[in-house]
Amino acid sequence: MRCSALVVWGVVLSVARCSEGPGGDPMFEIHRNVTAVLGEAVDLICAYRGDSQIFGAEWTRRINSKRKSKGLAGFENGIPYARTGFSIPVSMTNLTVRMEVLSVDAEGEYVCEFESEEEYYSNSLFLSIAARPNIQIQLTTEMLNGSHYQSVWCSAVSGKPPPRISWSVGGRPAPDYPFTITVNNTAHTNGTSTLISTLRFPTHLQNEDNVTCTVYHPTFSDPVLTTMRVETYMTPNVSVKAEMVERGGSEFWVVSCVSSGGRPDTDISLVLNSDEEPQREDRRDSDTQTSSYLLPAAVYEGQNVTCVFGHPRFTHPVSMVTTLPSFYVSGVQWFFSSSGNSNSDFQDSGSVELWEGQNDVVIGLRVAGNVPRYNLSCSRWGYSTQACTTVGSPITTSEQGCSSTSLETMISNPSLRSLTVPPTVDLHAEDGVIECSAAGGVPAANMSWLLPEGVSEASWFNFTSPNGSYTVRSVLLLPACSPRERAATCVINHPAFVKAERRSVSFPVCARPNITVDSLTGWENGEEFTEVACSVDSLAPAAVVSWHVGNDGRFISSQSQLEPRADGWVSTRSSVRFPSYLYSGQNLSCLVEHRSMRAPEKRTILVEHRAHLMNVSVQRQENSPLWTAVCDYRGPSTSVDLAWLLPGQTKSQTSLELEQEGRFLKARLTYQFSLSRHEGQNLTCVYQYERGSTERTVHVPRYYISAVRVQNHTTPLQSRYSGETIAHRLTLQENRQNQRILLRVEGSVPDYSLICKRSDGSLVQMERDWMLFRSVVTEQDGGLYTCQASFYHHTATVSFQVDVMCEDRLLLLVSLVCISSASVIVIVAFITCWACCIANKRTQQKGQEVLSPLTALMQEPGSPGARKPAIAEDSNQYAQLVHYAIVFEHKSTV
């Protein structure tokens, strides 16, 4: 039965609680906790369900426990109204409104009030603001100790509550190795925060071409995924090949180091057994990278050459070696045939017998060896040489015919000629082209260039004259300009020269580019943005501009524009734009690279985030009984709305000072008041702007002075009637100078004014808390003194009696006091002894008087013979009987 009653009681309580509605108050229908998203609208629901007739209703916002804002929406005299950002309420009893959430400052407690004839009805709800973050992602790259790194920055900007970020690579969470994740969370003054997560990894250690940033936030129905495409590396296939070419009448080996299918480019170099730097030519065909080196065949005959390939995918450089062949001619055999003679056997003898009148005689020669080509000539002693056809491919055995009557043969190598003619050397520059020539030489001259870094190789041209001489020309494109004094040198080697001939030409020096950096700040949707532009005017080609931020030089993306000009100059403008708080307090650098500069130049600015700032303070005014409350504002505005919200119905006497400082406005609102008016209270300064309001509160201290006390030794002076201490007295010595009385003020005041007066109203000289008696003290300095400590309206006083006494009088007074005290002690002792004696004597007499009637009571009535015999008074037995009888009779009668 008891359990059933408890169940019924629980059901009744549940029904009663449910009937109260969302707010828990049966008179109201209200949602107490509401969450809104910044930039969206939210419904504030509050309806009165009571029976009273409502004449007025409004929404207000509670600023603190004692103050509320003005009406936001409601009904006044039956007419509906609504401030900016609020809709008109539904009805007088239903204050439900729609509110546009324009600022995080809108978060707080909102009160709905209903007015009837009898009383006010009110309830409140709390509005929480959530800000949806803005997601940004960017990629930066850097080289560190020869390794290429990539960093992906994922930013969730201005979120509330703080967002959360995770990373995935190839659809899986990013592993700890080789990825590193750093997180930076920045809190803003408006209650929002920015979370920046950075995923960093070495490019050569990961194979996925994209990474995904996932942002979690309560304002998102689903997590937001943002994918960034990143670079990946592929292992190249490498090979080496060699082939022989003829240039300028000389043989050269072309050694080609080939890398195909790799990413990024392979670092290719050639290792030789000598210190000579060979001519190099790089070319790319689709995904194949080739570096070709030109080596003189005579110099590198039979030597090993090594191609070295470096790539991030290689754990160590890959080397491939090839050996260049050695050439030789093993021997020459000859034969001859004539008309009607078919003898064509090869002979080793050095003569042949010819018959006079023979015709169509053919002498055949056969050369054995592995030379790629050779020159064959036949001559008759004392006559000019007759050249034979040159074989242009490597042979081991070949046949070649010469029509001649000579019986002598000769095999000659191109580098060994019997005829030597020095060439004519010339170097000239015209129309941007440098031409170096060695004309009319036998054999052909060997020509090379000594070129500064950054200048491309030359083009070669060989010509053979009808008279058998050779002309070698090389053309070099003259660069438009050079960042410094540089020159190219043409070197000509020839057997007829004792030493190599050199011809040089200087390059013109470039005009340095003009670099300017401009910055601009602006506001957009309540956020301060910074835009920085870097402009570079330079000779063609255009300069390369990049942006870096922070001490670690992180790369940030930018936008660039090129504008060619008729005078050969190019204007390059690169700009970046970002929220100011993102890089606030960091250095932003514009890095400019151009071939006219020896090294890149940097221009740096400091990024500052200057949101509107407010500061309030209270201070005392000098030489005035008033205090001043100061409200300072600084922000990017052209006008400002500042006001002091004061307790009660106080009317403020304020003054506003404005000062323009560039793009910012400085304002100071001052309010003067007496300390007694606002002591211990809070004063609030409010800044109103389009997106809401900002408040700053300052507390006015509360002071007190509890007492002023004399620190010198004093004796209390008491009232003769009540015994209470009415003053204190102290003694100064007569005829002595520079005597002082120290006072102490107790309380919480920072300072005070201390004034002391005599009973006649004259002032006493003071030194801070000391009363000074600099002159000789006389009896006239004695009397009643009053000292008062004051701090504005707080005061406290103390009064004390000052006695002036010489040393002889003081000694006499002490003696009299001692004698008087001793006399009083003696008199008191005598009186005490006398009183004790009198009291003792009276006690004995009274005992005898009491015993007489008691003794008579012991004589009982009866005959004489029946009476007890008389017993002596000194008998102990009788004494005991008498004592017993007295006690007994006394008790019985009582």
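This is a predicted model, so every value here is computed, not measured. The chain is numbered in sequence order, starting from 1.
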### Query
Which residue pairs pass the ring-ring contact (aromatic ring centres under 6.0 Å, His included) test when at least one of the two sits in residues 194-214, sequence neighbours left out?
F179-F201

### Task
Could you list all the ring-ring contact (aromatic ring centres under 6.0 Å, His included) pairs where at least one residue sits in residues 152-172, not counting sequence neighbours?
none

### Task
Indicate whether any N or O donor in one side chain lies under 3.5 Å from an N or O acceptor in the other, for W547 and S574.
yes

Taking the side chain from [X] and the backbone from [Y], do they hold a donor-acceptor pair closer than 3.5 Å?
{"X": "Q289", "Y": "T266", "result": "yes"}
{"X": "Q206", "Y": "E208", "result": "yes"}
{"X": "S103", "Y": "D105", "result": "yes"}
{"X": "H311", "Y": "P264", "result": "yes"}
{"X": "H217", "Y": "T219", "result": "yes"}

Can you pull out every disulfide (SG to SG under 2.5 Å) where at least one residue sits in [range]? Sequence neighbours excluded, please.
{"range": "residues 196-232", "answer": "C154-C213"}
{"range": "residues 564-604", "answer": "C534-C590"}
{"range": "residues 549-579", "answer": "none"}

### Query
Regarding R247 and the six-membered ring of F252, is the cationic atom NZ or CZ under 6.0 Å from the ring centre and inside 45° of its axis?
no

### Within 6.0 angstrom of R668 CZ, more than 12 heavy atoms from elsewhere
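Counting other residues, nucleotides and ligands, CZ of R668 stays at 12 neighbours or fewer.
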
### Query
So with a 6.0 Å cut-off around CD of E277, is the heavy-atom count from everything else above 12?
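Atom CD in E277 is not packed in, count stays at 12 or less.
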
### Query
Charged N to carboxylate O below 4.0 Å: is that the case for R503 and E501?
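Looking at R503 and E501, the cut-off is met.
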
### Query
Is any side-chain N of the basic residue among R280 and D282 closer than 4.0 Å to the acidic one's carboxylate O?
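Salt bridge: yes.
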
By side-chain contact (heavy atoms from CB on, under 4.5 Å) - contacts of [X] (at least two apart):
{"X": "P218", "value": "P161"}
{"X": "T516", "value": "N514, S535"}
{"X": "P178", "value": "P202, L205"}
{"X": "R283", "value": "T290, S292"}

### Task
To the nearest 0.5 angstrom, please state how far the OG1 atom of T306 sits from the CG atom of L270.
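One gets 7.5 Å once the value is rounded to the nearest 0.5 Å.
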
### Query
What is the distance from atom CZ of R577 to atom CD of E531, rounded to the nearest 0.5 Å?
6.5 Å

Between side-chain atoms of residues 129-136 and protein atoms elsewhere (two or more places apart, or another chain), which donor-acceptor pairs fall under 3.5 Å?
{"from": "R132", "atom 1": "NH1", "to": "E40", "atom 2": "OE2", "distance (Å)": "3.1"}
{"from": "R132", "atom 1": "NH2", "to": "E40", "atom 2": "OE2", "distance (Å)": "3.0"}

#### Entry: By side chain to side chain donor-acceptor pair (under 3.5 Å) - contacts of S546 (at least two apart)
H548

### Message
Any non-hydrogen side-chain atom of Y583 less than 4.5 Å from a side-chain atom of I556?
### Response
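Result yes, sub-4.5 Å side-chain heavy-atom pair found.
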
Exercise answer: donor-acceptor pairs, residues 228-235 side-chain atoms, under 3.5 Å, sequence neighbours excluded:
{"from": "R229", "atom 1": "NH1", "to": "D209", "atom 2": "OD2", "distance (Å)": "3.4"}
{"from": "R229", "atom 1": "NH2", "to": "D209", "atom 2": "OD2", "distance (Å)": "3.2"}
{"from": "T232", "atom 1": "OG1", "to": "R263", "atom 2": "NH2", "distance (Å)": "2.9"}
{"from": "Y233", "atom 1": "OH", "to": "H148", "atom 2": "ND1", "distance (Å)": "3.4"}

#### Entry: ring pair (Phe, Tyr, Trp, His ring centres under 6.0 Å) between F578 and F529, intermediate numbers included
CA-CA 6 Å; F578 50 86; F529 283 82; 8.7 Å; no

